[in-house]
Amino acid sequence: KNQVEQSPQSLIILEGKNCTLQCNYTVSPFSNLRWYKQDTGRGPVSLTIMTFSENTKSNGRYTATLDADTKQSSLHITASQLSDSASYICVVIGGFQKLVFGTGTRLLVSP
Amino acid sequence: DAGVIQSPRHEVTEMGQEVTLRCKPISGHNSLFWYRQTMMRGLELLIYFNNNVPIDDSGMPEDRFSAKMPNASFSTLKIQPSEPRDSAVYFCASTSGLAGGTYNEQFFGPGTRLTVL
């Protein structure tokens, strides 16, 4: 069964600290993997898109990694800011353009 | 560009009533998606269109739900009759190319918050 699991479900960190969010998937075949940021009351916004051959991709203070062998991805946030408080959703694109969504990690950055 | 436009932003209706949600994709995008988001189930893909043709409607929960895309600039999601368990935020998104095409970034609208009493 195609699944995407994210951990932790929720996380609280102090402003300025780093954190890492995890995404494990069982989707096969694999096309690409995306991380989205969703602010409260708004639609998701794409952070990164990674293909099978890409191990690391950065977008400012956000760095995503992908290990296609172990079917794991992580999103690392460096020097967190209050504006990073949001839900982060991992999406895996499988065969036949099938999108499989994780349930997200809710991050709260505290001052 | 104004981005993906959805209307209404909020809808409150009574059980049994018909609800119609509307979406205008970004000009030039040829794929359009309808999603539903709840606390319990997260984000779920309901249906997506490519070049106005439904490609994958396996996420449509039941016959009470229907979606149309009469032209490249407009789509509707209709629920008839509505039920309390349909209460959720419904998002529309658009992209160029196919759903999962590499680097085909999806752009989401602001969503419609539906409450069925």
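Below, read A as the first sequence line, B as the second, and so on, with proteins coming before strands; counting in each chain starts at 1. Treat the numbers as computed from the prediction; the structure is a model and nothing was measured.
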If hydrophobic clusters are built from ILVMFWY residues whose side chains come within less than 4.5 Å, do [X] and [Y] share one?
| X | Y | result |
| --- | --- | --- |
| B/Tyr90 | B/Phe49 | yes |
| A/Phe101 | B/Trp34 | no |
| A/Tyr62 | A/Leu21 | yes |

Select one option (side chain, backbone, both, neither) describing which atoms of [X] are under 4.5 Å from chain A's heavy atoms.
| X | answer |
| --- | --- |
| B/Tyr35 | side chain |
| B/Gln37 | side chain |
| B/Met40 | neither |

- Item | A/Glu5 atom CD, over 12 foreign heavy atoms within 6.0 Å | no

- Query: For B/Glu83, does the CD atom have more than 12 heavy-atom neighbours from other residues, nucleotides or ligands under 6.0 Å away?
  - Reply: yes

- Message: I'd like to check A/Arg42 versus B/Phe108 (side-chain heavy atoms, cut-off strictly below 4.5 Å). Are they in contact?
- Response: no

- Message: Between B/Gln106 and A/Leu99, is there a side-chain heavy-atom distance shorter than 4.5 Å?
- Response: yes

- Taking all non-hydrogen atoms of both residues into account, name the closest pair between A/Arg34 and B/Glu105 and its distance. NH1-CA, 4.2 Å

